[in-house]
Amino acid sequence: MSKAFVFGDDIDTDAIIPATYLVTTDPKELGARAMAGSDQPDFAKQVAEGDVIVAGENFGCGSSREHAPLALLGAGVSCVIARSFARIFYRNSINIGLPVLECPEAVDGISAGDAVDVHLATGSVVNTTTGQKFQAQPMPEFMRDIFDAGGLVEFAKQRLQSRE
Amino acid sequence: MGMTMTEKILAAHVGRDVVRPGEIHFVPVDCVMANDVTAPIAIEQFERTGATEVFDPERIILVPDHYVPNKDVKAAEQAKVMRAFARKHRLPFYYEVGRSCVCHCLVPEEGHVTAGDVMVGADSHSCTHGALGAFATGMGSTDVGVIFALGETWLRVPESIRCVFRGEPANPYVGGKDYILALLGKIGVAGARYRALEFCGDAIESLTMAGRFTLCNMAVEAGAKNGIVACDDTTLDYITEHPGADPHVRDDDSVAEDIFRERRPPVVHQSDPDAAYCETHEFDVTGLEPQVACPHAPSNVKLVSQVAGVRIDQAFIGSCTNGRYEDLKLAADILADHPVAPYVRLIVIPASLQDYRRCIREGLDEVFVDAGGVFSTPTCGPCLGGHMGVLASGEVCVSTSNRNFRGRMGHLDAQVYLANPAVVAASAVLGRIGSPEELHS
Ligand code: SF4
């Protein structure tokens, strides 16, 4: 069972991982600082493995730093559900295997601390605290291929091999 | 139905007559760039793909710019990873500190991008290069590591937003920065999410390249995939004047060996009159006042007269947004007759290497230092709160850079205002936010 942490609109990459921590690429080290620039700077201390982030519009706007989705993975976040995502953050997340779902209804129907069940394959999101069920927009097929391959690196490996 | 410039560039790269927004294509990349923050992860991912060689050593540009000269051991380790990779693959376009500057100034001035190109950088402000009439976009490190291996990337063809700027500003201090801030104030930080921002109109045609770079630089602040200005005579002159040097590869034990680089000729694309745009925004810049983005979003835009009076602790002139010669000259002209206010720090950091040299040649460095400021070697510096001007709690900075998110330039409780170089220079003198005209009265 995952606990929900709720954030607002336009959560930028400086909120997810402030620039001063960018001198490492270790997910665990980054994870210990996850959301340090947000209005919940103690997030990293409170989050448990498998918890989810629920956020408003344009989550992850700002810089291209892959440290942002890496920090969330390192902190144990199992999925980000948002009304919408910033372009580079969305791409980075798919590439490195951080599940991201666009689902405005779920964002409306989940409060901080609710227990949430996410089925990535089907895109179904259940708020087990309230019993409400939501259906996220499925990931576009092309991106699901990348995600299913195990991320962009695996996908590229296959593409390289097919060239030989 | 016609096509936009962005669509035409992508169509030309995938060998089709037509592409339409929403389609996903694998697109060959003409130039790929990474810096000291993003390259280490890109290199790691490149190696994980199993590739043993890069797709084309001449098309990979590596630029240490964020934390250089290295600010601490960790930053030095990151730069070392990039340098070792460049050596191993004999990359001719690794720019060592001293021959390097902020990546988005370096790439065009070294002639690595030309009109009609597809350029991808592992840095969100890679959209800057759209000023050359190219398709340029920022991606994360994994995407870029995979481009190192494949030489191509997948792209969803974006819808385009047309931004028309008309007129000639009556205020001599108003320029590209004010145009883009005015747009951001109107459409917000998500106003162009996933879309192309196409800038046109007579005010754009009369804008210098420096102004166009500034404009396209901040397209990403509206969430855009790319910003673009049509290639015209101004662009072609710039491209001719910035051919870049031929590469010299120096190994530890071999002498320099000259390689002549094959330069791509510029390809000029114009949007068709019947191209489809999802939105159009029009601005008359004739009466435009300098714009200031207030904490903590680049879209929180007010007129300089509305925020005049906000006391400042620091003024920063630099960054890939406004760290070019033209920007520094504007600031120097103001600072030549006016010293920096007591208790205020002025930090001037050219973002371009060529412009850094020109500043020194013309004595602008002396102007800044005489005024009571510091003048430093090209680097990102305080723009991302990395080093050389990190803010303490409660401090206020007015900056020519592009982002003012909470914590961007240091402490979470610091406040950053974004403005054009003339406003920042005048504010340094006044000790509070203000406009250059106030100094005359
Ligand atoms: S100057 Fe600032 S915005 Fe530009 S590349 Fe450097 S850190 Fe990024």
Side-chain angles (χ1 to χ4, degrees), chain A residues 9-15 17-25 29 36-39 41 56-70 83-97 140-143 145-146 151-161 163, chain B residues 24 26 37-38 40-42 44-46 48-51 66-67 71-75 77-78 121-126 137-146 149-150 152 154 156 158 188-190 193-194 220-221 223-225 296-297 299 384-386 390 403 405-410 412:
Chain A
D9 291 338
D10 302 319
I11 299 296
D12 58 78
T13 48
D14 284 286
I17 182 83
T20 132
Y21 306 126
L22 299 184
V23 287
T24 176
T25 55
E29 231 177 288
S38 73
D39 57 358
E57 301 281 2
N58 203 24
F59 186 84
C61 62
S63 94
S64 67
R65 63 188 70 153
E66 214 154 291
H67 309 70
L70 268 181
R83 257 179 234 287
S84 65
F85 290 91
R87 184 186 73 82
I88 304 179
F89 181 89
Y90 187 83
R91 223 182 143 110
N92 286 345
S93 300
I94 305 278
N95 287 348
I96 66 163
E141 196 183 315
F142 181 80
M143 289 167 216
D145 288 347
I146 294 175
L152 186 69
V153 167
E154 292 304 317
F155 185 85
K157 233 184 230 172
Q158 293 167 14
R159 220 172 145 84
L160 269 179
Q161 277 158 9
R163 277 185 186 178
Chain B
I24 292 177
F26 264 93
V37 168
T38 55
I41 303 184
E44 206 178 299
Q45 301 292 55
F46 165 82
R48 286 185 50 218
T49 65
H66 279 57
Y67 296 137
K71 66 158 183 154
D72 56 23
V73 174
K74 283 186 169 173
E77 293 293 342
Q78 285 196 312
D123 189 283
S124 62
H125 292 103
S126 302
T137 191
M139 291 188 189
S141 296
T142 299
D143 271 308
V144 162
V146 164
L150 295 178
E152 59 178 5
W154 65 268
R156 185 183 154 280
V189 289
R193 231 167 33 90
Y194 292 92
V220 68
E221 260 48 81
K225 174 174 270 182
H296 294 284
S299 57
L384 85 160
V390 179
R403 278 190 187 137
F405 299 133
R406 197 181 290 278
R408 170 75 179 180
M409 288 180 74
L412 286 176

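Owing to the predicted nature of the structure, the values given are computational and were not obtained by experimental measurement. Naming convention: chains lettered A, B, ... in sequence-line order (proteins, then strands); numbering from 1 in each chain.
Under the 6.0 Å distance and 45° angle rule, B:Arg156 does not count as a cation-pi partner of A:Phe142.
Contact count against chain B (heavy-atom pairs under 4.5 Å) is highest for A:Phe85 among A:Phe85, A:Phe89, A:Tyr90, A:Phe155. Between chain B and the residues A:Thr24, A:Asp9, A:Leu160, the most heavy-atom pairs under 4.5 angstrom are made by A:Leu160. When each of A:Ala19, A:Pro69, A:Cys61 is scored by its heavy-atom pairs under 4.5 Å with chain B, the top score falls to A:Ala19.
Of the atoms belonging to B:Arg193, it is side-chain heavy atoms, and not backbone ones, that fall under 4.5 Å from chain A. Interface remark: B:Leu150 contributes backbone and side-chain atoms alike to the contact with chain A (heavy atom separation under 4.5 Å). Using a 4.5 Å cut-off between heavy atoms, B:Glu44 contacts chain A through its side chain alone, with no backbone atom that close. Contacts of B:Phe46 with chain A are absent, with no heavy-atom separation under 4.5 Å from either backbone or side chain. Contact of B:Ala297 with chain A is not made at all, since no heavy-atom distance falls under 4.5 Å. Heavy atoms closer than 4.5 Å to chain A are found in both the backbone and the side chain of B:Arg48. Heavy atoms of B:Leu384 lying under 4.5 Å from chain A belong to its backbone as well as its side chain. Residue B:Thr49 touches chain A through both its backbone and its side chain, counting heavy-atom pairs closer than 4.5 Å. Interface remark: B:Ala75 contributes backbone and side-chain atoms alike to the contact with chain A (heavy atom separation under 4.5 Å).
Panel note: side chain A:Arg87, backbone B:Gly138; a donor-acceptor pair is recorded below 3.5 Å. Judged by distance alone, with hydrogens and angles left aside, the side-chain atoms of A:Asn92 form a donor-acceptor pair with the main-chain N or O of B:Gly140 at under 3.5 Å.
Closest approach of A:Gly62 to B:Val220, counting heavy atoms only: O-CG2, 4.4 Å. Across A:Leu70 and B:Ile41, no two heavy atoms sit closer than the pair CD1-CD1, 3.9 Å. In terms of heavy-atom proximity, B:Leu412 sits nearest to A:Ala36 at CD1-O, 3.3 Å. Contact between A:Asn58 and B:Ala190 at its shortest, heavy atoms only, is ND2-CB, 3.5 Å. Residues B:Ser124 and A:Ser63 share a closest heavy-atom pair of OG-CA, 3.5 Å. Pairing each heavy atom of B:Trp154 with each of A:Arg91, the nearest pair is O-NH2, 2.8 Å.
Qualifying side chain to side chain donor-acceptor pair (under 3.5 Å) partners for B:Gln78, counting only residues two or more places apart in sequence or in other chains: none. Remark: B:Thr142 pairs with A:Glu66, A:Asn95, A:Ile96, A:Leu152, A:Val153, B:Gln45 by the side chain to side chain contact (heavy atoms under 4.5 Å, CB included) rule, at least two apart or across chains.
Of the residues listed (B:His296, B:Arg406, B:Arg408), the one engaging A:Asp14 in a side chain to side chain contact (heavy atoms under 4.5 Å, CB included) is B:Arg408, and it is the only one.
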